[in-house]
Structure formats: C-alpha cells, structure tokens
Amino acid sequence: PSRAAYNTWFMLCLVECPPDESATVKSRRSSLEKAPWKTLPAVVGGVEAAFLRPVLLGESILPYRRFRDFKAVVPVADDGAVLDADKAAHRGHDGLHGWMDRAESLWTANSDSAAMTLVGRWNYHNELSGQFPIAPLRVLYAKGGTQPAACLLRDERAVIDHMLYWMAPASEDEGRYLIAVLNSEIARARAAQFQARGQFGARHFDKVMLNRPIPRFAADNPLHRTLVEAAIRAELIAVQVALPENAKFQRARALVRAALDEAGLAAEIDGLVAKLLDE
C-alpha cells in the first residue's frame, strides 16, 4: 500500500494471531496511527487460512537475511483476483466476507479518500495484484534508511509492503549477485549523491541504487561468480548472528553488518563491487 493507506494498512489489514493459531484474528494496532483510526475499535473475526499471509515491511529484512514478518488479511484469490466483501461472499468465503464487510464500513465512514474503495486503496497502481502469482524467489531491498539492506526471499506466500522493492531473479545465483551489490557500502556511497538529505546526512534509497547501472548477471563471468560465492558466505554469517529478543531492526542490521566487517567479508565484497561498477 501507499503511504496514504498506512493507517488502514495497520487497522484493517495487518492482524495479530492468537497463540493457538486459530483463524480468529484482530487488527494489529500501531502507536503511529492517526485520528480517527487510533480511537476506533479493532476489527475482530474469523478469516479463512488461505487469506492470512505473511507480509514483509521495510523493517522485515536485514542484510542477507529475513528478519521479522507480520501477518495480514490479504484478500487475493488463487486466480489473482482482489476480493472485496461482495466478491468474497459470491465465492463462498464467509470469513473473508465478514472481515472485509467490517473493514469496508470503517473505511467508508472514516477515510478522507472514501471516493476510492478500500481494495482500490490497497491495490493502488496494482501494487498488490501485481505480486501474483507469487514468484518462489525474490530479491528484496529496503527503500528507506541510511544504510542498505537486501536479501533473498524464498516464500511463495509472502506479500511485500511498499517500503520494500522486489524483483524475481532468474536464478539463485543471479539473486545472490544482486544482493551482494545492493548490500555493499561502495554501491551506497556511489548512490549518495542522488539521495535526499536529512539531519543525519543522506537517507532513503528508493530507486537511486539503480542510477549507477549494475551489469547484467552472467553465470560464466569470473567476477560475477566470485560475488555469488561471497554472497553465499555472507548469508551464512548473517543467519548465525544472535539477535536479542525484541531487537529493533536498526539494531539487528547493525549487528549483522558488524559480523560481516569482523569476518573481513564486507571489505572483500566492496572491493569486488567497486571492480564490477568500474568495468
């Protein structure tokens, strides 16, 4: 969803699941909600398991590693159709119908964009439906922050939030090649001139990481192969980093970067990426 849908994304879509993993869920609330949403009661209801999916936000990834998922009601059918309450009822999805009926009523009564339907807001510019059918392998990178974070996602049920960019690589090797480039300090430094400037310097990446062309992956290129092998080692290091319970994503990313630095791998990858981008 877009930023304009942030409050409804939490209030009407993201959910908390009970420990017994029953299909009864309720709205996941956020301290960042604005009026009138923060004063409204949570949506509660039973939803078919097929429409409860993991969702990755910007804070859900670390360099070379998936971090923390969220759960959401995602009203997309197997054929890729985005379902509102009426369409869910027509297809016999009673649980989804009940949830969407309550969510749409809240949206109509409280949104300043009520001329747009709720599913129209969620699927703005086809950002939701365009993810289906879901690719089994995706490269993710975070569009916000001051340091890059990119990883491979191997999950055919997960949906991606607007704070991550994604693409489906042709192979694991191409994906690893790309995350090695996107996680590198040299790529960040060369993109800094295109970034917005904040109180603490350059911030937010959006698509500026792509302003410097990344050579297309070639499996028979020795430099590309070396980057793939380095990314494999980086993934192994990243997944072994012990993360404190309830650690914020900024702290978790810093711990992974520190482990890569200590292993000498961050510097090695920077040297390879510099050579790659200078070719």
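Numbers here are sequence positions counted from 1.
In this structure a side-chain-to-backbone donor-acceptor pair under 3.5 Å is present from Glu48 to Gly95. Listed for the Asp101 side chain is no donor-acceptor partner under 3.5 Å among the backbone atoms of Ala85.
Contacts of Glu156 classified as salt bridge (Lys or Arg N to Asp or Glu O under 4.0 Å), with partners at least two apart in sequence or in another chain: none. Every residue two or more places apart in sequence or in another chain was checked for a side chain to side chain donor-acceptor pair (under 3.5 Å) with Gln250, and none qualifies. Contacts of Val239 classified as side chain to side chain contact (heavy atoms under 4.5 Å, CB included), with partners at least two apart in sequence or in another chain: none. Among residues two or more places apart in sequence or in another chain, the salt bridge (Lys or Arg N to Asp or Glu O under 4.0 Å) test is passed with Asp278 by Arg190. For the salt bridge (Lys or Arg N to Asp or Glu O under 4.0 Å) test, residues two or more places apart in sequence or in another chain that qualify with Asp155 are Arg66. With sequence neighbours excluded, the residues that form a side chain to side chain donor-acceptor pair (under 3.5 Å) with Glu185 are Arg188. Annotation: side chain to side chain contact (heavy atoms under 4.5 Å, CB included) contacts of Ala150 (sequence neighbours excluded): Tyr141, Ile179, Leu182, Asn183. Legend: residues meeting ring-ring contact (aromatic ring centres under 6.0 Å, His included) with Phe249, ordered by chain and number and at least two apart, are absent. Partners of Ala267 according to the side chain to side chain contact (heavy atoms under 4.5 Å, CB included) rule, which considers only residues two or more places apart in sequence or in another chain, do not exist here. With sequence neighbours left out, the salt bridge (Lys or Arg N to Asp or Glu O under 4.0 Å) criterion links Arg253 to no other residue. Taking Arg68 as the reference, nothing meets the side chain to side chain donor-acceptor pair (under 3.5 Å) condition, with sequence neighbours excluded.
The shortest distance between side-chain heavy atoms of Leu106 and Leu118 does not fall below 4.5 Å.
A salt bridge does not link Asp69 to Arg157: none of the charged nitrogens lies less than 4.0 Å from a carboxylate oxygen.
More than 12 heavy-atom neighbours from other residues, nucleotides or ligands sit within 6.0 angstrom of CZ on Arg154.
The list of side-chain hydrogen bond (donor to acceptor under 3.5 Å, both in side chains) pairs with a residue in residues 220-230, not counting sequence neighbours, reads Asp173-Arg225.
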